[in-house]
Visitor: 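Have a look at this one before I ask anything.
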Amino acid sequence: MDINIDDILAELDRDTTVVDQSDPLLPSDGNTTMIDSSLDPSRMDVEKESPGVVTAEADYRRLITLWRNERCSPELLPYPSSLMSRMLRRLQAQMDNIESIAMGFFEDSDNHESVDEYAAPHPASTNNKLPLLCMEADLERLRFVIRSYLRCRLSKVDEYALYLKQLEQTEKEIMPLNELLSAQELEYHERHFTILLKLLNNSVLKHMPSELQAINDTEGSVSMIDEPDWNKFVFVYVKTPSANQLQYEPALSTGEYGKSCYTVNIEELEEDVELAVGGIYVMRYLVIRELLREDKIELI
Amino acid sequence: MYGDLANKLVLEAKRTKQLNSRSIQQSKLPLYHEELVQNILKEVGQLKKNSEYLKQHQILDDVGGKVSKCQYFVTLLCMERNKRCLLAYQKLRTDTLDKFAWDNNGIDLLNGFDDVDQNASDLSRHELEYVKEYSDLITDLKSGELANVDLSGSLKPPSDVFIDVRVLKDAGEIQTEYGVFNLIKDSQFFVRQSDVERLIQQGYLQKI
Amino acid sequence: MYYEIEQVAEPYNEILRNSSSPSSCQLVIFVSCLNIDALCSTKILADLFKSQLVQSQIVPVFGYSDLKQHYARLDDDIRSVVLIGCGGSINMEEFLEINTDDLLVDSKEDVRRYKRHIYIFDAHRPWNLNNIFGSDIVHCLDDGTIEESLEEERKAYYRLAELDLEENETHESEDNATDVDEEDGVSNDYDTEEDEDGDEEDFSRKRSTDSSENPNASNKKNRKQRKTLLDEYETVIEEYYSQGTCVVNSVSLQIYSLLSKIGECNLHYLWLTVLGATSLDTAYPHVYNRLYPLLQDEVRRLSPSSNTVKTPDTLSLEVQPDYYLFLLRHSSLYDSFYYSNYVNAKLSLWNENGKKRLHKMFARMGISLNIAQETWLYMDHSIKKELRIIFDRNLDRYGLQDIIRDGFVRSMGYRGAVSATEFVEALLALLEVGKTIVKYDERIEPTDKNSEMINKNFFDREEQKKWVANFWLSWDALDDDKIELLNRGIQHAKTLQKIIFNTGVAALEKKMIKNLRIYRLCVLQDGPDLNSYRNPLTLLRLGNWLVECCAESEDNALLPMVLASLNEATDTYLVAGLPPRYPRGLDMLESQKHILNNFSMAFQQISSETGARVRIDNFESSIIEIRKDDLSPFLEKLTLSGLL
């Protein structure tokens with residue numbers, strides 16, 4: 001039986017070009033420049049991205065890192081707003097893309113005249129479903145990661161609602177709340193807190209003597225404001241600094257064995273510890289908090 | 001003794017927590033213990049009166065002073081403990097209600113809780129209001145640019161794109177945003193997982 | 001319309017073309033839920049479509065009314081409907097009340113395209129001629145029956161259509177040509193309607209009495225001619241329908257040939273096919289014997305060479321000697337002899353003499369009763385190895401020589417082996433009883449005031465819904481991982497066989513089987529296991545046992561049997577009509593034609609004549625439900641009717 005696969009190859013080619021044009025999740029040739037302030041190296045952006053090209057792949061990897069960090073960290077980490085907006089945009093684009101391909105199928109099969117009744121189904125038509133399947137699976141994964149990330153943050157917002165309120169008052173200059181939280185998270189925080197407070201007031205607090213009616217009372221034996229557990233142990237991985245950083249980074253020093261490392265101070269033990277690049281350590285969160293903020297380490 | 005009632009309340013909360021952690025189905029809340037809560041509040045009122053009385057009649061000499069100071073102190077502590085227990089009880093219930101709202105978002109709660117496990121009469125009036133408001137909050141949160149993400153979807157990593165599911169209840173035609181599903185009890189579908197995830201969560205379908 | 005054998009892959013291709021949209025479910029498969037052959041076929045088809053990422057919905061149904069109900073609720077999106085194990089003998093278009101005009105997408109140049117198509121995979125015969133010759137929407141998959149034997153009928157059918165057309169044209173010459181609906185002209189079957197509280201309908205054939213009044217006298221001669229032709233053709237068709245029902249093929253095998261056409265054969269599908277075909281052995285041994293060589297060839301072709309080392313993961317399918325014994329590998333030798341239908345019939349094990357003969361036989365074979373009663377797994381290894389030789393040597397004397405034949409055995413790594421017949425027994429048992437055998441007398445019946453009404457509800461379909469649930473249990477048991485389901489099925493099978501053995505023995509001892517000259521009758525009204533017979537499969541199991549016994553008995557008069565069992569909860573009898581059987585051994589002869597089952601037609605006709613409250617809903621049209629009080633008059637009429 002003659003198998004002519006030219007048409008299959010043609011189909012596949014057609015598919016991949018379709019995918020290439022609008023699928024931002026595949027590695028592009030790096031020419032997607034976006035007018036984004038994060039490209040400006042002088043601005044100390046929250047994401048601390050290296051200046052240069054923003055690619056879908058790099059974004060994806062960054063998202064995974066942030067997701068991991070968020071899940072391991074006891075406190076709420078800053079919200080990466082431009083990264084998220086890019087990812088969401090790409091998500092929407094990919095969903096539209098998949099739908100149009102699926103619709104294309106639909107029309108294709110409708111117009112298909114039964115030329116040769118006795119032949120096996122056109123090989124290209126069933127093979128074409130596979131790329132679609134892969135794209136869908138990939139999309140599902142991305143949605144899951146974003147969903148898990150956002151839900152994790154929301155649960156922290158709920159848990160530390162009072163603490164965040166406190167932060168709002170005290171640390172307005174250093175880290176304004178609208179950098180820590182996205183606009184929606186802020187709104188969520190406000191509203192949830194309001195309805196929760198209403199419930200607690202109505203069922204318990206209203207009926208209490210006046211000095212006990214506060215929800216954020218810190219004067220009793222136990223403070224009512226839950227703070228994140230700064231002493232929680234976390235696993236950290238020290239990232240390899242980029243070429244740029246190697247040259248200019250002040251915190252980097254050369255340790256005992258000639259390896260570059262960062263130094264942290266453990267208060268209780270009054271000890272300075274050197275964290276070598278590429279190493280994995282387990283420490284209390286408070287000790288490495290600064291390094292995490294500066295994106296020099298990752299939580300695992 | 002002061003604080004005993006509060007203890008009971010806390011025990012009940014703990015029991016609920018344990019039951020829920022063991023059961024695979026959705027968590028259920030038992031009846032809101034109106035009576036116990038009221039009693040505890042009354043106790044607090046009582047304690048308050050005691051504390052005022054003690055304040056007024058504060059004896060300033062050493063021995064008596066110490067005793068009455070201690071009394072005063074203990075009274076304050078009891079009040080605080082009661083407050084803490086009450087809040088803990090309420091917070092546990094709220095946490096469960098939150099989870100409930102996330103799992104069942106989309107079901108019209110205004111029409112009653114018939115479809116879901118929770119018995120509406122087990123919640124206090126305020127709790128009912130809270131749940132409805134929270135559900136609205138979630139719905140608002142889910143709309144907009146986050147609509148594609150489906151925030152209340154499954155928190156388990158996705159496995160297959162297409163799965164086999166079996167229908168557990170007769171529910172006629174269900175119109176979802178992905179298409180129409182004719183739910184006939186004891187029929188089996190081979191469909192996209194993301195299309196039917198909501199139905200699985202709601203208990204209409206079972207993944208095979 | 002129908003597909004011939006060479007076109008066997010057509011339904012598959014069409015479904016792939018029409019119903020594989022990635023965004024919605026467009027394929028629905030209705031399966032007859034009490035049919036192992038249908039179960040296996042559905043599994044093969046479902047797996048096949050799964051591999052092509054076609055979304056589908058599988059709905060098991062227990063009867064025609066159920067099917068109709070579900071069909072009516074189908075969404076517009078559905079473009080392909082597949083019926084497996086049912087639908088062949090009923091005019092589907094009419095029964096499901098399909099208006100083809102509604103489904104028309106466009107019609108250009110005489111080619112009409114429809115939104116929805118119905119594909120029927122059914123091995124029940126006779127075909128309903130409308131399904132194969134008359135409908136644009138219904139597609140039947142044939143296995144050669146039509147090409148080989150239905151030439152006459154096809155001619156008659158089309159000629160009748162033409163004649164009617166001509167007639168309509170002549171005496172309605174002013175009417176628009178398009179008004180002549182072809183459907184009207186060709187429906188020339190019986191119409192028997194019965195009202196059961198206005199709810200039930202008989203789904204047999206309709207006859208359109210076409211009384212024309214042609215005022216033109218000069219055409220009288222033509223009319224007479226036409227009338228004779230009409231009568232002639234109608235007789236052909238009537239005869240075709242009244243010859244009796246039977247099953248002529250295995251749907252699984254038909255689907256397997258579809259697979260080989262598209263090149264998707266593998267061991268997994270082959271095993272399912274083997275199971276489906278084997279399930280026909282109890283009731284239709286001639287079909288199984290005919291199909292066996294084909295299956296054997298396939299197994300030999302696809303099985304890897306025999307010198308592979310056995311690992312925990314190997315799943316192999318082999319041809320090995322198999323016996324007509326009941327669950328040999330899962331019970332003891334003695335029990336498998338004792339409960340086997342075949343041995344039972346031949347040795348009349350149901351009475352004391354028979355038992356003695358069995359014991360003597362064992363003695364002759366050199367197997368002590370102790371050893372014979374050990375579980376097969378632990379039985380003496382030397383005897384196991386020699387079994388075939390021992391049987392060869394000794395069974396002749398007792399007429400049991402046909403006990404040995406070749407069968408298919410699947411071994412699953414180190415977990416053991418199971419033969420196709422045993423697996424089918426397990427599946428059947430799961431279909432019959434489900435997860436656990438509930439002792440019905442222990443069930444709590446509602447005791448409130450309305451219980452009278454509730455219990456005696458003729459329309460109660462609770463029992464039937466359980467069968468649908470059991471379908472999925474059997475489905476799961478087909479999975480290689482779910483061995484515990486298989487084991488459970490085997491346990492149930494043993495229990496069930498014991499139950500029918502006891503009932504059968506009681507029936508034979510108490511002479512409950514009455515010989516009514518044209519058929520044998522057995523009515524079960526009490527007994528400890530009466531409730532087990534609410535399921536048609538169990539009733540048929542008992543029926544087959546009894547029929548085999550009767551086939552071997554002295555007064556073998558080749559009489560069909562009517563078996564009825566009382567369902568106290570609904571006050572009805574479940575009645576099954578079974579054709580007679582030739583004694584085993586005789587039926588292997590090519591010359592013996594399988595005796596067809598005449599009960600379907602008979603039941604339908606009698607029920608319409610007597611106006612009895614009967615429900616004819618089962619896909620096996622020889623099984624009906626009848627109100628308790630109507631049974632006697634019904635049977636009387638049956639005896640006097642001469643239809644058998």
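Please read these numbers as outputs of a predicted model, since none were measured by experiment. Numbers restart at 1 for each chain; the letters A, B, ... are given by sequence-line order, proteins then strands.
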Visitor: Please flag which part of B/Glu52 lies under 4.5 Å from any non-hydrogen atom of chain A: side chain, backbone, both or neither.
Guide: neither
Visitor: Please check if atom NZ in B/Lys48 has more than 12 non-hydrogen atoms from other residues, nucleotides or ligands closer than 6.0 Å.
Guide: yes
Visitor: Check whether any side-chain heavy atom of B/Phe162 sits under 4.5 Å from a side-chain heavy atom of A/Leu133, and report yes or no.
Guide: yes
Visitor: Measure distances from B/Lys42 to the heavy atoms of chain A and classify the residue's part below 4.5 Å as side chain, backbone, both or neither.
Guide: neither
Visitor: I'd like to check A/Ser203 versus B/Val37 (side-chain heavy atoms, cut-off strictly below 4.5 Å). Are they in contact?
Guide: no
Visitor: Find out whether A/Leu205 and B/Leu87 are in side-chain contact, i.e. whether some heavy atom of one side chain is under 4.5 Å from a heavy atom of the other.
Guide: yes
Visitor: So do the side chains of A/Arg143 and B/Ser194 get within less than 4.5 Å of each other, counting heavy atoms only?
Guide: yes
Visitor: If you count heavy-atom pairs under 4.5 Å with chain A, which of B/Arg84, B/Lys91, B/Glu34, B/His126 comes out on top?
Guide: B/His126
Visitor: Out of B/Met79, B/Gln193, B/Arg125, which one racks up the most heavy-atom pairs below 4.5 Å with chain A?
Guide: B/Met79
Visitor: Does A/Arg147 CZ have over 12 foreign heavy atoms under 6.0 Å away?
Guide: yes
Visitor: What's the spacing between A/His192 NE2 and B/Thr94 OG1 if we round to 0.5 Å?
Guide: 7.5 Å
Visitor: Sort B/Gln38 into side chain, backbone, both or neither according to what part of it lies under 4.5 angstrom from a heavy atom of chain A.
Guide: neither
Visitor: Tell me, side chain or backbone of B/Arg192 under 4.5 Å from chain A's heavy atoms, or both, or neither?
Guide: side chain
Visitor: Any chance CZ of B/Arg81 has more than 12 other-residue heavy atoms, nucleotides or ligands included, within less than 6.0 Å?
Guide: no
Visitor: Measure the CD-CG distance between B/Glu127 and A/Leu199 for me, rounded to the nearest 0.5 Å.
Guide: 6.0 Å
Visitor: Report which part of B/Tyr89 has an atom under 4.5 Å of a heavy atom belonging to chain A: side chain, backbone, both, or neither.
Guide: neither
Visitor: Would you say the side chain of B/Ser154 lies within less than 4.5 Å of the side chain of A/Phe144, judging by non-hydrogen atoms?
Guide: no
Visitor: Side chains of B/Asp95 and A/Asp158: does their closest heavy-atom pair fall under 4.5 Å?
Guide: no
Visitor: Could you walk me through whether A/Arg191 and B/Asp140 pass the salt bridge (charged side-chain N to carboxylate O under 4.0 Å, His left out) test, one step at a time?
Guide: CA-CA 11 Å; A/Arg191 283 173 68 180; B/Asp140 285 342; 3.0 Å; yes
Visitor: Below 4.5 Å, heavy atoms only, C-beta onward: do B/Glu133 and A/Lys198 meet side chain to side chain?
Guide: yes
Visitor: For A/Leu196, which atoms come within 4.5 Å of any heavy atom of chain B: side chain, backbone, both, or neither?
Guide: both
Visitor: Decide yes or no for A/Arg151 and B/Leu155: does some side-chain heavy atom of the first lie under 4.5 Å from some side-chain heavy atom of the second?
Guide: yes
Visitor: Need one label for B/Asp98: side chain, backbone, both or neither, based on atoms under 4.5 Å from any heavy atom in chain A.
Guide: side chain
